There are 2 protein chains.
Amino acid sequence: MKKKAKHSKLSEYLKEKIEEFIATGLFTPGMKLDEIDLAQKFGVSRTPIREALIQLSSTGLVEMRPRRGAIVTPIDTKKLYEMFEVMAELEALCARLAARRITNKELEYLQKTHLECKVKEIIENPDLYYYKNEEFHIALYRASHNDFLIEQAINLHKRLSSFRRLQLRVRGRIESSLKEHEEIIEAIIKGDSELASKLAREHIIVQGERFSDLLASLNISQ
Amino acid sequence: MKKKAKHSKLSEYLKEKIEEFIATGLFTPGMKLDEIDLAQKFGVSRTPIREALIQLSSTGLVEMRPRRGAIVTPIDTKKLYEMFEVMAELEALCARLAARRITNKELEYLQKTHLECKVKEIIENPDLYYYKNEEFHIALYRASHNDFLIEQAINLHKRLSSFRRLQLRVRGRIESSLKEHEEIIEAIIKGDSELASKLAREHIIVQGERFSDLLASLNISQ
DNA sequence: GGGTATAAGTATGCATACAAGAAATTTTAA
DNA sequence: TTAAAATTTCTTGTATGCATACTTATACCC
């Protein structure tokens, strides 16, 4: 496997790579991450692999059990729900702040990403939609003008990405997602921070039906 | 320096130690953390020190600049305010959930910690108050019954701890803090989740605002 | 035969060694 | 004397080796 030169630290590069493999499902939850295996696979020594794993363990993507090796963090439904609950709140805060602080340029960009989500061929392809949708959300985060929040939101978003991806396969979810985006944008344009906040929260939170849909689409977890 | 046996990994122990030194101000923001120095100080090799630093860098307490070593993350007032803004939201969520989910036992414990905060000798000693106050807040987090949220809240709380500590030295802050706690408890008892949420948010955000002002006037940070 | 105990094997955690990139210092030139 | 260049020094980043805890497999006992 080749390595990009732009990383001054191998461990940084490896972290991103492993992260990617987990996000795309190449490394599945519960899977053991053997240091020596990985080292050989990437053609490096154990040290940078270890450092990458340590970093990933503090974001929660992998779990390091003392003397028992690292595994991709298994997600039970309870924790998943909890994570969405927190994500909803972060998004709500982003939306609330965005409604007050967004610049014209940022608003334009937000609308642009939303419009791109609505293109027919994107709507019909969950994978494409996933990427466009991600752009929309990150644009929303940035409009909050709170760098710390942006960082946290992007982090958690990343961690939930594979599940969001699955969510989009639920029939009709993309359509309602689009509608919700539209309402959020409207609230932001009106400068109604409370409404924007409420809508963003509801857009993310997976309650009732939505949660069982998510679980059904998963049935990966125990 | 001695090491506790209860840690199966040295790096875990070192992480906590360094964290502690930063929280208590022994290691000050901007200070360089030389790996060899630390290794000698703790009587270990560079490896576990490095691993500890990597972990701390992903919580944000330490900054690792490629090839240029680690420093205790310097905090400017802007970032500090941003962190309080996010903390406020997490506390608000905790309070909202607590209002709906708190058990009798948890409520008793929350009230107990609050009453202990009100003891005369505690009120008069900012350091003592700091610890009791922390107990109160953590009790609130736990009452949310969302383990992921609890973890996140405790993490950020820790990171802001040294600032909260200073904050309590501002005249009259302890008294108003107590009053705010009381109102939050009342709202939780009533089961008024929206009110509890609002009060908790304001309780924290005020600290952020005041504190940024305080810092700015002290111009400690650049 | 099932369960425990013991021993071999394997992977982690830490130490040490080496390589390479910054920073510091010295030397040289204008 | 100052500035620039080159060399040295020092620190980080990576590799490798070794000891120990955990896993497993086999044997022994009930």
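Not measured: the values here are computed from a predicted model. Within every chain, numbering begins at 1; the chains are lettered A, B, ... in the order of the sequence lines, protein sequences first and strands thereafter.
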State plainly whether the residues B:Arg142 and B:Glu106 are in salt-bridge range, i.e. N to O under 4.0 Å. no
Value in whole Å for how far the C1' atom of D:dG13 lies from CG of A:Leu14: 12 Å
Atom CG of B:Asp34 and atom C1' of D:dC10: how far apart are they, to the nearest Å? 9 Å
Sorted by number, residues from residues 50-69 of chain B placing a heavy atom under 4.0 Å from DNA chain D are B:Arg50, B:Pro66, B:Arg67, B:Gly69
From CD of B:Gln40 across to P of C:dT16 the rounded distance in Å is 12 Å
As an exercise, state the distance from CG of B:Asn133 to NE2 of B:His157, rounded to the nearest 0.5 Å. 6.5 Å
Once you round it to whole Å, what is the distance between P of D:dT14 and OH of A:Tyr13? 13 Å
Rounded to whole Å, CD1 of A:Ile36 lies from P of C:dT12 at a distance of 6 Å
N or O in side chain of B:Thr47 less than 4.0 angstrom from C:dC14 OP1/OP2: no
Relative to A:Tyr129, does A:Arg165 satisfy both conditions: NZ or CZ under 6.0 angstrom from the six-membered ring centre, and within 45 degrees of the ring's axis? no
Respond yes when some side-chain nitrogen or oxygen of B:Lys32 is under 4.0 Å from OP1 or OP2 of D:dT12, and no when none is. yes
Provide, to the nearest angstrom, the distance between the NZ atom belonging to A:Lys15 and the P atom belonging to D:dT14. 14 Å
Quick one: are B:Phe148 and A:Lys78 in side-chain contact, heavy atoms under 4.5 Å? no
Would you kindly give the CZ-to-P distance between B:Arg46 and D:dC10, to the nearest whole Å? 15 Å
Listed partners of B:Arg101 passing side chain to side chain donor-acceptor pair (under 3.5 Å), at least two apart: A:Glu85
Could you note down all residue pairs passing salt bridge (charged side-chain N to carboxylate O under 4.0 Å, His left out) where residues 53-68 of chain B supplies at least one of them, sequence neighbours left out? none
Please report, rounded to the nearest Å, how far the P atom of D:dC10 is from the CD atom of B:Glu35. 17 Å
